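Everything on this sheet refers to the single structure shown next.
Treat the numbers as computed from the prediction; the structure is a model and nothing was measured.
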Amino acid sequence: VMKSKTPPAPPLSFMTELVEKGVLQPQNETEANDMGPLARVLVKFLYQSNLKATPASTHDEASSKILNTPPIVPAQPPVSALSLDVLLVKAKTADLASVTYLNLH
């Protein structure tokens, strides 16, 4: 069984940097109350993301390049008018009764 490495806890300098950048500076008391319980998780997430954004080895650089590559989404032809045939093609079905949700964006 492979055990995943536990990421290190964020150092105080990283948290200080976030405060200086304004990431952890609430604008009012309500925002401070809302952000309070989430601050620890947010700082840990940002620190882990920062570690992944600065890879330590060539293998990590290759992985980061692949992960940061935007997806290739094929362009769909625009639909100028809706008809039963167009809906069936968009829904990829032969029976319109089986369609429960159709996103035409």
Side-chain angles (χ1 to χ4, degrees):
V1 176
M2 293 180 59
K3 291 186 177 182
S4 61
K5 292 191 288 184
T6 304
L12 185 59
S13 60
F14 182 76
M15 290 183 250
T16 305
E17 184 180 324
L18 291 177
V19 170
E20 289 171 356
K21 287 181 179 179
V23 174
L24 295 177
Q25 291 181 342
Q27 302 299 316
N28 54 44
E29 187 177 339
T30 304
E31 195 173 293
N33 291 336
D34 290 344
M35 193 172 86
L38 301 175
R40 181 180 298 181
V41 178
L42 175 65
V43 169
K44 190 173 183 180
F45 171 76
L46 291 172
Y47 183 67
Q48 290 174 3
S49 297
N50 192 33
L51 288 179
K52 291 177 185 174
T54 55
S57 69
T58 308
H59 179 70
D60 288 342
E61 288 177 18
S63 299
S64 292
K65 186 176 181 181
I66 291 170
L67 292 173
N68 291 329
T69 303
I72 299 171
V73 181
Q76 297 289 326
V79 175
S80 56
L82 288 178
S83 67
L84 182 59
D85 294 333
V86 171
L87 289 175
L88 292 174
V89 169
K90 289 289 185 183
K92 298 177 183 172
T93 185
D95 182 21
L96 200 57
S98 65
V99 177
T100 56
Y101 179 78
L102 183 64
N103 186 356
L104 296 175
H105 273 267

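For Ile72, the side-chain contact (heavy atoms from CB on, under 4.5 Å) criterion is met by no residue, not counting sequence neighbours. When the side-chain contact (heavy atoms from CB on, under 4.5 Å) test is applied to Val79, the partners found at least two apart in sequence or on another chain are Leu82, Val86, Lys90. Not a single side-chain contact (heavy atoms from CB on, under 4.5 Å) links Thr100 to another residue, sequence neighbours left out. Contacts of Thr30 classified as side-chain contact (heavy atoms from CB on, under 4.5 Å), with partners at least two apart in sequence or in another chain: Asn28, Asp34. Remark: Ser80 pairs with no residue by the side chain to side chain donor-acceptor pair (under 3.5 Å) rule, at least two apart or across chains.
Placement of Leu88 and Val99 within a single hydrophobic cluster is found when ILVMFWY residues are connected by side-chain heavy-atom separations under 4.5 Å, directly or transitively. Tyr47 and Val41 fall into different hydrophobic clusters, where Ile, Leu, Val, Met, Phe, Trp and Tyr are joined by side-chain heavy atoms under 4.5 Å apart, directly or via other members.
Here the CG-CG distance, from Asp85 to Leu96, works out to 10.5 Å after rounding to the nearest 0.5 Å.
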